[in-house]
Amino acid sequence: MTTEQRGDRLRTSEPLVPDRPAGRRRDLASAAAGALLVALAAVVGWMIQEGDGSLQVQWPPLLASWDPHVGPGTPLALGVAVAVVAYGPRLAARLPWRRLLLTCWAGSVAWILSLALVEGWYRGVARRLTTKHEYLRVIDRFDDIGAALRGFTDHIVIGPPGNWPAHVAGHPPGATLTFVGLDRIGLGGGAWAGTWCIVLGGSAAAAVLVALRALTGEHLARRAAPFLVLAPFAVWTGTSADGYFTAVAAWSVALLALAATRTVRFPAVAAASGLLFGFTCYLSYGLTLIAVLPAAVLVMTRTVGPLGPFLLGALVAPVAFTLAGFNWWEAYHLLVERYYQGAGGVRPFSYWVWGNLACATLAAGLATVAGLRRAAASAPAALRGLLSGTATGVQRLAVLTLAALLAVAVADLSGMSKAETERIWQPFVLWLMPAAALLPDVDRRAWLAAQAAVALLVNHLLWTGW
């Protein structure tokens with residue numbers, strides 16, 4: 001631990017930003033702008049969907065349907081929310097670091113699971129990954145894994161016999177092979193698959209804390225912890241495979257942050273980071289954009305030392321899958337064809353290019369929107385600090401969150417993310433959440449309550465299908 005980090009730990013009770021009325025008013029104004037964006041996307045989306053049905057969603061901008069309900073998870077979710085709002089900031093400031101990581105992981109899992117259980121165990125967890133679009137429907141077609149990989153691209157586009165279900169066709173085979181592997185070791189079925197995604201998805205919050213401590217100091221990491229636990233996108237983490245993808249990508253970034261800051265012995269850790277990054281690219285084509293975050297880590301730490309081991313590790317998955325007979329580039333081009341054969345070819349880019357951002361606002365929460373306003377305001381000073389090597393923890397945090405925002409912008413403009421971004425963009429939205437650490441102490445519990453309210457309202461008023 002560096003001297004600066006040790007000092008940060010001792011100063012966890014100090015206010016991070018001045019409690020200025022003008023700044024707080026701007027926070028509220030930015031949150032109001034986010035809420036207005038969601039409302040506008042809902043109204044305009046409803047008009048388009050009622051007019052010609054081209055949005056291909058029932059409750060725009062979300063892929064959801066109106067279904068007010070309560071369930072077994074309702075009191076659990078309310079209990080988790082109240083506990084984090086009431087005690088989260090204090091525990092985050094006082095717990096020993098390792099215990100905080102475990103508590104954050106456990107709290108995130110509890111939040112994700114309780115939201116999933118609002119639908120009940122069967123509908124909310126055990127059945128989610130067994131529907132006609134999901135990975136578990138093709139487990140028996142991977143009895144010969146080598147043959148399945150060699151012929152994987154033959155079944156991506158709609159038309160040839162035996163084309164893959166939507167999610168299998170829409171992802172490289174690393175995603176499906178994960179669930180094949182669970183089945184092979186005796187953990188088959190939707191309940192185990194859902195549990196896997198929930199438990200690993202919850203670990204992503206701990207991964208971000210590890211990265212924040214290494215890059216920005218312990219004080220900021222502790223401030224971000226309660227917001228990471230009460231992430232509104234937890235509605236879509238339990239249980240979709242995207243929660244699992246989010247965790248793998250997050251730990252890749254966290255390990256590189258440790259290596260780049262020499263918090264640990266860096267060659268092996270950097271190689272492990274690269275290994276996870278390479279595998280991430282074989283979980284989801286779109287997650288190649290997560291490369292923006294490792295690049296930001298190296299820029300912030302002003303080092304290329306870990307780059308060699310990172311790149312060596314990153315080559316492992318591509319070499320292994322290519323030798324097994326799967327061609328990533330060929331599969332991606334076929335996926336683009338498949339995408340435009342389905343809803344992607346109907347959904348209007350003119351709506352979704354901004355409607356996606358409304359989805360991301362709901363997934364990130366209004367506290368994150370307010371925090372990003374503060375991060376953007378500090379961007380010029382952060383750039384100067386990076387160039388001179390004098391960037392503060394706050395400035396590094398701003399760079400990290402704005403790098404994630406850049407990845408979101410590229411994904412949005414690609415035209416391959418039209419709708420469902422509340423689920424698909426979790427790996428990027430996760431890294432927007434620490435921006436809430438920049439909000440003043442006096443408002444933290446109110447902002448946490450607002451985060452929880454978004455998730456609870458969406459989960460209890462809508463059936464999201466994930």
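The figures here come from the full heavy-atom set of this structure, side chains too, leaving out hydrogens, waters and symmetry mates.
To the nearest 0.5 Å, atom CG of residue L255 and atom OG of residue S273 are 5.5 Å apart. The distance from atom CZ of F227 to atom CZ of R444, rounded to the nearest 0.5 Å, is 5.5 Å. Taking CD of Q341 as the reference point, atom CG of L335 lies at 10.5 Å (rounded to 0.5 Å). Atoms CG and CG, on D27 and L438 in that order, are 9.5 Å from each other to the nearest 0.5 Å.
For the pair L357 and W425, the minimum side-chain heavy-atom distance is below 4.5 Å. Between V199 and W105, some side-chain heavy-atom pair lies under the 4.5 Å cut-off. Contact annotation: the side chain of P172 approaches that of Y285 to within less than 4.5 Å [non-hydrogen atoms, C-beta and beyond]. Two residues are said to be in side-chain contact when any heavy atoms from C-beta on lie closer than 4.5 Å; V44 and W354 meet this criterion. In this structure, L62 and T464 have side chains that are not in contact, with every pair of non-hydrogen atoms separated by 4.5 Å or more. No side-chain heavy atom of V235 sits less than 4.5 Å from a side-chain heavy atom of V454. The shortest distance between side-chain heavy atoms of L289 and L406 does not fall below 4.5 Å. For the pair L287 and F428, the minimum side-chain heavy-atom distance is below 4.5 Å.
The minimum heavy-atom distance between P60 and L55, with the atom names listed, is CB-CD1, 3.9 Å. In terms of heavy-atom proximity, T74 sits nearest to H460 at OG1-NE2, 2.8 Å. Closest approach of P232 and A364 over heavy atoms only: CD-O, 3.7 Å. Of all the heavy atoms in V229 and C104, the pair that sits closest is CG2-SG, 3.6 Å. For A404 against L432, the heavy-atom pair with the smallest separation is CB-CD2, 3.7 Å. Q56 approaches G53 most closely through the heavy-atom pair NE2-O, 3.1 Å.
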Decide side-chain contact (heavy atoms from CB on, under 4.5 Å) for L366 and T361; before the verdict, give the C-alpha distance in whole Å, the side-chain angles of both, and the deciding distance to 0.1 Å. CA-CA 7 Å; L366 298 180; T361 298; 4.1 Å; yes
Can you check side-chain contact (heavy atoms from CB on, under 4.5 Å) on L182 and W192, steps first, answer last? CA-CA 8 Å; L182 288 175; W192 282 114; 5.6 Å; no
Under the side-chain contact (heavy atoms from CB on, under 4.5 Å) criterion, do N459 and E119 qualify, and how do the steps go? CA-CA 9 Å; N459 213 57; E119 322 300 337; 4.0 Å; yes
What verdict does the side-chain contact (heavy atoms from CB on, under 4.5 Å) test give for E134 and L136, after you've listed the backbone C-alpha separation in whole Å, the side-chain angles of each residue and the deciding distance to 0.1 Å? CA-CA 6 Å; E134 291 287 358; L136 270 61; 5.6 Å; no
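Around atom CZ of R445, more than 12 heavy atoms belonging to other residues, nucleotides or ligands sit under 6.0 Å away. Other residues, nucleotides and ligands place more than 12 heavy atoms under 6.0 Å from the OH atom of Y340. Other residues, nucleotides and ligands place more than 12 heavy atoms under 6.0 Å from the CD atom of Q49. Environment of CZ in R141: crowded, with over 12 heavy atoms of neighbouring residues, nucleotides or ligands closer than 6.0 Å. No more than 12 heavy atoms of other residues, nucleotides or ligands shown are found within 6.0 angstrom of OH on Y122.
Side-chain atoms of Y351 come within 3.5 Å of backbone N or O of A41 as a donor-acceptor pair. Looking at R373, its side chain never comes within 3.5 Å of a backbone N or O of S30 through a donor-acceptor pair. Counting only distance, with no hydrogens or angles, the side chain of H69 and the backbone of D67 share a donor-acceptor pair below 3.5 Å. For the pair K418 (side chain) and G344 (backbone), a donor-acceptor distance under 3.5 Å is present. A distance-only check finds a donor-acceptor pair linking the side chain of N356 to the backbone of S417 [under 3.5 Å]. Without hydrogens or angle criteria, H133 side chain to A166 main chain gives no donor-acceptor distance under 3.5 Å. Put simply, the side chain of R222 gets close to the backbone of A92: a donor and an acceptor are under 3.5 Å apart.
Taking the six-membered ring where the residue is Trp, F326 and F152 present perpendicular rings, their angle passing 60° and hence far from 30°.
Considering only residues two or more places apart in sequence or on other chains, F279 meets the ring pair (Phe, Tyr, Trp, His ring centres under 6.0 Å) condition with none of them. Taking Y135 as the reference, H171 meet the side-chain hydrogen bond (donor to acceptor under 3.5 Å, both in side chains) condition, with sequence neighbours excluded. Legend: residues meeting ring pair (Phe, Tyr, Trp, His ring centres under 6.0 Å) with W329, ordered by chain and number and at least two apart, are absent.
Taking the ring centre of W164 as origin, the terminal cationic atom of R338 falls outside the region bounded by 6.0 Å and 45° from the ring axis.
In this structure, a donor-acceptor pair under 3.5 Å is present between the side chains of D52 and S54.
A centroid separation of 6.0 Å or more is found between the aromatic rings of W328 and F321.
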